[in-house]
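Read through the structure below, which is laid out as structure tokens, and then see the notes.
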Amino acid sequence: MKIVSWNMNKRKSGCWEWLLETHNPDYVLAQEASPIPQGLTATIQTTTKKSNRSAFYSRNSDHLKIKIDRDHGMGLVVTEANGIHFICVYANLDFKPVNPPLLGMIASSVSYLRRYRSANEILIAGDFNMDRRMDDNPTGSVFALKDTYPHNNFFNAIEDMGFHDCMRKFRSTPVQTHRNARSDYPWELDHMFVTEGLYSKLIKIDVVSADALSDHDPIIAEFA
């Protein structure tokens, strides 16, 4: 099973075609999704801006959209397919700050899935617009006050809900997923977390270059 998470940067065309033809994923969690090509079926969630959408695609069109509380334009998509529940995350920077409301929405979604849908296997992935290293303020920007750790606290809270960081299973150090024209710092802003059962089945995860299409590179994970 191949699962992709990717911020497409709202490119008008080319992203879906390249992704499906080159990598043939079973499931795609897309943020700032490009327009859906004709003949393709996906579940869409609009953010605070109508032109900015999150999308969930399944190759066999076999997924179900799960209705949970309103996300107030954050851009979360919650779905289920073949017993796996997916939460497509977009850290919408129109929310200032974004960390507390996003974490609350993720926690609420996870609680709902476990209480009302008896979910065991859950995958959370997307563009979080956060990197643990932001707490160290490694660039000229101030992301965290001295002796505070908001970004580490955010990711630690997700792990405390029973999730594992897929990006760290085979690599101990961050992998660049985003390019910024104003900085050459190798930010890892895109992430994927899964529950124990899925984590044990994760056999490969890569960040694949797509610099001709977006300022983010897709995360491609393969599960046995």
Checklist line | Gly75 backbone acceptor or donor facing Ser54 side chain under 3.5 Å | finding: yes
Next item on the list: Can you see which heavy atom on His191 is nearest to which on Met130, and at what distance?
Entry: NE2-O, 2.8 Å
Checklist line | Nearest-0.5 Å distance that lies between atom CD1 in Ile158 and atom NE2 in His164 | finding: 13.5 Å
Item checked: Salt bridge present between Arg168 and Glu188 (N-O < 4.0 angstrom) -> yes
Margin query: Under the criterion side chain to side chain donor-acceptor pair (under 3.5 Å), I'd like the reasoning laid out for Asn120 against Arg114: C-alpha separation, chi angles, the key distance, then a yes or no.
Written below: CA-CA 7 Å; Asn120 291 314; Arg114 286 173 169 163; over 6 Å; no
Notebook entry, point to check: Quick one: salt bridge (Lys or Arg N to Asp or Glu O under 4.0 Å) partners of Asp69, sequence neighbours excluded?
Noted result: none
Next item on the list: Kindly give the heavy-atom pair with the smallest separation between Asp71 and Phe95, and that separation in Å.
Entry: O-CZ, 4.1 Å
Check: Do the non-hydrogen side-chain atoms of Thr47 and Glu32 ever get within less than 4.5 Å of each other?
Finding: no
Next item on the list: Could you check Asp190 against Thr177 for side chain to side chain donor-acceptor pair (under 3.5 Å), going step by step and ending with a plain yes or no?
Entry: CA-CA 6 Å; Asp190 305 84; Thr177 65; 2.6 Å; yes
Next item on the list: Taking Ser183 for its side chain and Tyr185 for its backbone only, find out whether a donor-acceptor pair lies under 3.5 Å.
Entry: yes
Checklist line | Carboxylate-amine/guanidinium proximity below 4.0 Å for Glu159 and Arg132 | finding: yes
Next item on the list: Kindly indicate whether the side chain of Phe163, heavy atoms from C-beta on, has any atom under 4.5 Å from the side chain of Val110.
Entry: yes
Notebook entry, point to check: CG/Asn129 to NE2/His216 distance, rounded to the nearest 0.5 angstrom?
Noted result: 6.0 Å
Check: Tyr90 versus Val77: any side-chain heavy-atom pair under 4.5 Å?
Finding: no
Margin query: Treating Asp131 as the side-chain partner and Arg133 as the backbone partner, does any N or O pair qualify as donor plus acceptor under 3.5 Å?
Written below: yes
Checklist line | Evaluation steps, salt bridge (Lys or Arg N to Asp or Glu O under 4.0 Å), between Asp26 and Arg59 | finding: CA-CA 5 Å; Asp26 295 288; Arg59 184 169 58 186; 2.5 Å; yes
Note to self: Do Ser34 and Lys10 have side chains that approach each other closer than 4.5 Å (heavy atoms only, starting at C-beta)?
What the structure shows: no
Check: Side chains of Ile220 and Lys2: closer than 4.5 Å at any heavy-atom pair?
Finding: yes
Check: Got Lys65 and Gln45 here, is their nearest side-chain heavy-atom distance under 4.5 Å?
Finding: yes
Item checked: With sequence neighbours excluded, residues passing salt bridge (Lys or Arg N to Asp or Glu O under 4.0 Å) with Arg11 -> none
Next item on the list: Hey, could you give me the CG/OG1 distance between Asn52 and Thr46, rounded to the nearest 0.5 Å?
Entry: 9.0 Å
Notebook entry, point to check: For Thr41 and Ser61, which heavy atoms make the closest approach, and how far apart are they?
Noted result: CB-OG, 4.0 Å
Notebook entry, point to check: Quick one: do Glu121 and Lys201 make a salt bridge, cutoff under 4.0 Å?
Noted result: yes
Item checked: Straight-line distance of Met161 CE to Asn156 CG, nearest 0.5 Å -> 11.0 Å
Notebook entry, point to check: What pair of heavy atoms forms the shortest contact from Gln176 to Val207, and how long is it?
Noted result: O-CG1, 3.6 Å
Check: Does the pair Tyr27 and Phe86 meet the rule for a ring-ring contact (aromatic ring centres under 6.0 Å, His included), with working shown?
Finding: CA-CA 10 Å; Tyr27 303 104; Phe86 300 85; 5.0 Å; yes
Item checked: Distance, nearest 0.5 Å, that separates CD of Glu17 from OG1 of Thr22 -> 10.5 Å
Note to self: Hydrophobic clusters here meaning ILVMFWY residues chained together by side-chain heavy-atom distances under 4.5 Å, can you tell me if Met167 and Trp187 are in one?
What the structure shows: no
Note to self: Whether Asp217 and Arg179 form a salt bridge (side-chain N of Lys/Arg under 4.0 Å from carboxylate O of Asp/Glu) is what I want to check.
What the structure shows: yes
Checklist line | Donor-acceptor contact below 3.5 Å, side chain Gln31 vs main chain Asn7 | finding: yes
Note to self: Starting from Ile124, can I reach Ile3 by hopping between I/L/V/M/F/W/Y residues whose side chains sit under 4.5 Å apart?
What the structure shows: no
Check: According to a 4.5 Å side-chain heavy-atom criterion applied to Ile, Leu, Val, Met, Phe, Trp and Tyr, with indirect links allowed, do Leu123 and Phe170 form part of one hydrophobic cluster?
Finding: yes
Margin query: Using the rule that Ile, Leu, Val, Met, Phe, Trp and Tyr join whenever any side-chain heavy atoms are under 4.5 Å apart, tell me whether Ile66 and Tyr116 fall into a single cluster.
Written below: yes
Check: Should Trp16 and Val4 be regarded as members of a common hydrophobic cluster, given that ILVMFWY residues are connected when their side-chain heavy atoms come within less than 4.5 Å of each other, either directly or indirectly?
Finding: yes
Checklist line | Inter-residue atom distance Asn180.CG - Ser141.OG, 0.5 Å rounding | finding: 8.5 Å
Notebook entry, point to check: Heavy atoms, side chains only, cut-off 4.5 Å: are Ile87 and Leu76 in contact?
Noted result: yes
Note to self: For the CZ atom on Arg171, are there more than 12 heavy atoms of other groups (residues, nucleotides or ligands in this structure) within a distance under 6.0 Å?
What the structure shows: yes
Next item on the list: Tell me, with the steps shown, if Thr48 and Asn92 meet side chain to side chain donor-acceptor pair (under 3.5 Å).
Entry: CA-CA 8 Å; Thr48 48; Asn92 187 346; 2.9 Å; yes
Check: With a 4.0 Å cut-off, would you call Asp206 and Lys204 a salt bridge?
Finding: yes
Checklist line | Check: Ile106 and Phe128 side chains under 4.5 Å, non-hydrogen atoms | finding: yes
Check: Pro150 and Ala144: which non-hydrogen atoms are nearest, and at how many Å?
Finding: CD-CB, 3.7 Å
Next item on the list: Give a yes or no on whether the ring-centroid distance for Trp18 and Trp6 is below 6.0 angstrom.
Entry: yes
Note to self: I'd like to know whether the aromatic ring centres of Phe56 and His63 sit less than 6.0 Å apart in this structure.
What the structure shows: yes
Notebook entry, point to check: How close do His151 and Asp135 get, heavy atom to heavy atom, and via which atoms?
Noted result: ND1-OD1, 2.7 Å
Check: Does the ring of Tyr199 carry Lys169 above it, NZ/CZ under 6.0 angstrom from centre and within 45° of its axis?
Finding: yes
